[in-house]
A.B. asks: 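Next up is a structure, given as structure tokens.
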Amino acid sequence: MKPALFSVLCEIKEKTALSIRGIAEEGLPDARLMRLDNMLLAEGVSRPEKRGRGAAAAAGTATPGGCPNGNGLEHSDYRAKLSQIRQIYHSELEKYEQACHEFTTHVTNLLREQSRIRPVLPEEMERMVGIIHSKFSAIQMQLKQSTCEAVMTLRSRLLDARRKRRNFSKQATEVLNEYFYSHLSNPYPSEEVKQELARKGGITVSQVSNWFGNKRIRYKKNMGKFQEEASIYTANTVADTTEGGGPRSQPSCPSTPSFGSSGHFPLTSARDALLTLQTLASPRPTPGGGSLWSQVSLRA
DNA sequence: CGTCATGATTCTAA
DNA sequence: TTAGAATCATGACG
């Protein structure tokens, strides 16, 4: 009885001939999928969780307390979110793959079981598996797409926040100006000094670097504009930075610059020029010691 | 609003 | 890598 039924089914099947229709219905998404994959790879979302600690350390240049600069603060936030996205992405991906596998084996078993009472060609099994896989890969692509979107919005937010500018505190500008005008002949603070200034001003080292970069160029460009400021700070000099917490030195332009206690000279223009001459006379080994800046400084 | 000051970024050259 | 220069973009101020 059973064999007879089986053969009848075979016959019917041959007649209906629901041959293998085109599987090539999904050739289009390939390019898109590739694009998404490339982007995820480029964005570091893909495969490995390799945390490039080396790059961060190199950029921060020995700032042990973490968050090397303001930008770094936002950047670390960015990285944290990116890592979160990556985590979600991978867990979802894994989930899908597992589900796909389970479903495939389930269907395969089902077909195998059915093959005892109805004819099931191996191609059909393969086709079923193929269909399942394509369905799941479609889902995966959706996941990749949304991941890409998330990364993009995250990135654009970072870009937007990048140029946010907040004026420094009075304290910070005070500290920076003090150093600048006290070292007018060579306003290139070392890394250690930068860190110190950053600490005193409550800003970051890179902000200090930015400030000195801007200050040098702008001072050089229009020295007349800075005369007043210069006189304030040069007159006051480094009076004493030993004021501990709040060196809110009042620049009331004292005619008698009390110097001596801290071993610092009040750097007037004349003395500054002298120093410059000295630097020019005996060029120090420090690179960029007495170049353009010194010459310009001389003209002051 | 327009304008200037100013912190941050980008580009180039050494 | 860094400094210098140009430029961008925001904040303060009138």
Side-chain angles (χ1 to χ4, degrees), chain A residues 42-43 52-79 82 152-234 248-249 251 272 275-276 279-280 283-300:
Chain A
E43 220 60 47
R53 225 68 211 179
T61 47
T63 31
C67 66
N69 50 36
N71 190 18
L73 198 78
E74 287 168 12
H75 204 263
S76 73
D77 188 44
Y78 170 80
R79 282 216 314 255
L82 188 66
M152 287 310 251
T153 53
L154 186 65
R155 174 170 273 251
S156 75
R157 270 227 308 275
L158 176 80
L159 271 275
D160 283 350
R162 208 168 45 165
R163 278 194 184 274
K164 287 296 180 214
R165 188 178 69 77
R166 203 99 292 183
N167 285 348
F168 291 163
S169 65
K170 193 88 178 170
Q171 158 95 5
T173 48
E174 194 81 10
V175 168
L176 293 167
N177 273 316
E178 210 155 80
Y179 186 93
F180 181 79
Y181 288 110
S182 301
H183 301 72
L184 209 49
S185 62
N186 189 33
Y188 297 86
S190 66
E191 195 59 33
E192 292 76 32
V193 173
K194 278 183 193 170
Q195 286 177 28
E196 180 68 8
L197 292 173
R199 194 187 57 75
K200 280 185 188 167
I203 56 177
T204 67
V205 173
S206 58
Q207 282 177 308
V208 172
S209 297
N210 285 340
W211 190 91
F212 272 90
N214 284 322
K215 193 71 178 181
R216 279 191 301 263
I217 189 73
R218 283 163 184 164
Y219 178 85
K220 195 170 70 177
K221 222 171 189 172
N222 190 352
M223 278 183 283
K225 205 165 59 181
F226 291 93
Q227 280 306 312
E228 194 183 342
E229 191 178 73
S231 68
I232 288 172
Y233 284 100
T234 53
R248 194 173 56 264
S249 53
D272 191 54
L275 283 175
T276 305
T279 19
L280 282 177
R284 276 179 289 173
T286 50
S291 57
L292 183 64
W293 176 260
S294 304
Q295 288 168 20
V296 172
S297 185
L298 262 178
R299 284 209 305 268

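Just so we're on the same page: letters track the sequence lines, and every chain starts at 1.
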A.B. asks: B/dT6, OP1 or OP2 - any side-chain N/O from A/K215 closer than 4.0 Å?
C.D. replies: no
A.B. asks: Could you tell me how far apart A/F168 (CZ) and C/dA12 (P) are, to the nearest whole angstrom?
C.D. replies: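 So the CZ-P distance, A/F168 to C/dA12, works out to 14 Å.
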A.B. asks: Can a donor-acceptor pair under 3.5 Å be found between the side-chain atoms of A/N214 and the base atoms of B/dA8?
C.D. replies: yes
A.B. asks: Atom CZ of A/F180 to atom P of B/dG7: distance rounded to whole Å?
C.D. replies: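 Going from A/F180 (CZ) to B/dG7 (P), I get 13 Å.
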A.B. asks: In whole angstroms, how far is the P atom of B/dA5 from the NZ atom of A/K221?
C.D. replies: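 For the pair A/K221 NZ and B/dA5 P, the rounded distance is 13 Å.
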A.B. asks: I want to verify a distance call: between C/dA5, C/dA3, C/dT10, whose nearest atom is closest to the A/R166 side chain?
C.D. replies: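 Of all the options, the side chain of A/R166 is nearest to C/dT10.
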A.B. asks: Write down the distance between CD (A/E174) and P (B/dT6), rounded to a whole number of angstrom.
C.D. replies: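 My rounded result for the distance is 14 Å.
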A.B. asks: Sequence neighbours excluded, which residues qualify as ring pair (Phe, Tyr, Trp, His ring centres under 6.0 Å) partners of A/F168?
C.D. replies: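 Not a single residue meets the ring pair (Phe, Tyr, Trp, His ring centres under 6.0 Å) criterion with A/F168.
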A.B. asks: Grab the CZ-P distance between A/F212 and C/dA5 for me, whole Å please.
C.D. replies: 17 Å
A.B. asks: Which nucleotide, B/dG7, C/dG11, C/dG4, lies nearest any side-chain atom of A/I217?
C.D. replies: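 Side chain of A/I217 sits closest to C/dG4.
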A.B. asks: Using a 3.5 Å distance criterion without hydrogens, assess whether the side chain of A/E178 forms a donor-acceptor pair with backbone atoms of A/Y233.
C.D. replies: no
A.B. asks: Taking only side-chain N and O atoms of A/N210, does any of them lie within less than 4.0 angstrom of OP1 or OP2 on B/dA8?
C.D. replies: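 So the side chain of A/N210 is within the cut-off, an N or O lying under 4.0 Å from OP1 or OP2 of B/dA8.
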A.B. asks: Base of C/dT7, side chain of A/R218 - is there a donor-acceptor contact under 3.5 Å?
C.D. replies: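 Pair found.
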A.B. asks: Specify the separation, in whole Å, of atom CZ of A/R165 and atom C1' of C/dT10.
C.D. replies: 5 Å
A.B. asks: Check the distance between C/dG4's P and A/N222's CG and give it to me in whole angstrom.
C.D. replies: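 Computing the A/N222:CG to C/dG4:P distance gives 17 Å.
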A.B. asks: Kindly compute the distance separating CZ (A/F180) from CD (A/E229), expressed to the nearest 0.5 Å.
C.D. replies: 8.5 Å
A.B. asks: Which of these nucleotides, C/dA6, B/dA8, C/dG11, is closest to any side-chain atom of A/Q207?
C.D. replies: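 So the nucleotide nearest the side chain must be B/dA8.
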A.B. asks: Starting at atom CH2 of A/W211, determine the distance to atom P of B/dT9, rounded to an integer number of angstrom.
C.D. replies: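 My rounded result for the distance is 18 Å.
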A.B. asks: Holding to side-chain hydrogen bond (donor to acceptor under 3.5 Å, both in side chains), I want the full list of residues that pass it with A/R218, two or more places apart in sequence or in another chain.
C.D. replies: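 Once residues adjacent in sequence are excluded, A/R218 has no partner under the side-chain hydrogen bond (donor to acceptor under 3.5 Å, both in side chains) criterion.
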A.B. asks: Contact class for A/N167 (heavy atom, under 4.0 Å): base, sugar-phosphate, or nothing?
C.D. replies: sugar-phosphate
A.B. asks: Report the distance from atom CZ of A/F212 to atom CD of A/Q207, rounding to the nearest 0.5 Å.
C.D. replies: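 If we round to the nearest 0.5 Å, A/F212:CZ and A/Q207:CD are 13.0 Å apart.
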A.B. asks: Taking the minimum atom-to-atom distance to the side chain of A/Y188, which one of C/dG4, B/dT6, B/dA8 wins?
C.D. replies: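 Comparing C/dG4, B/dT6, B/dA8 against the side chain of A/Y188, the answer is C/dG4.
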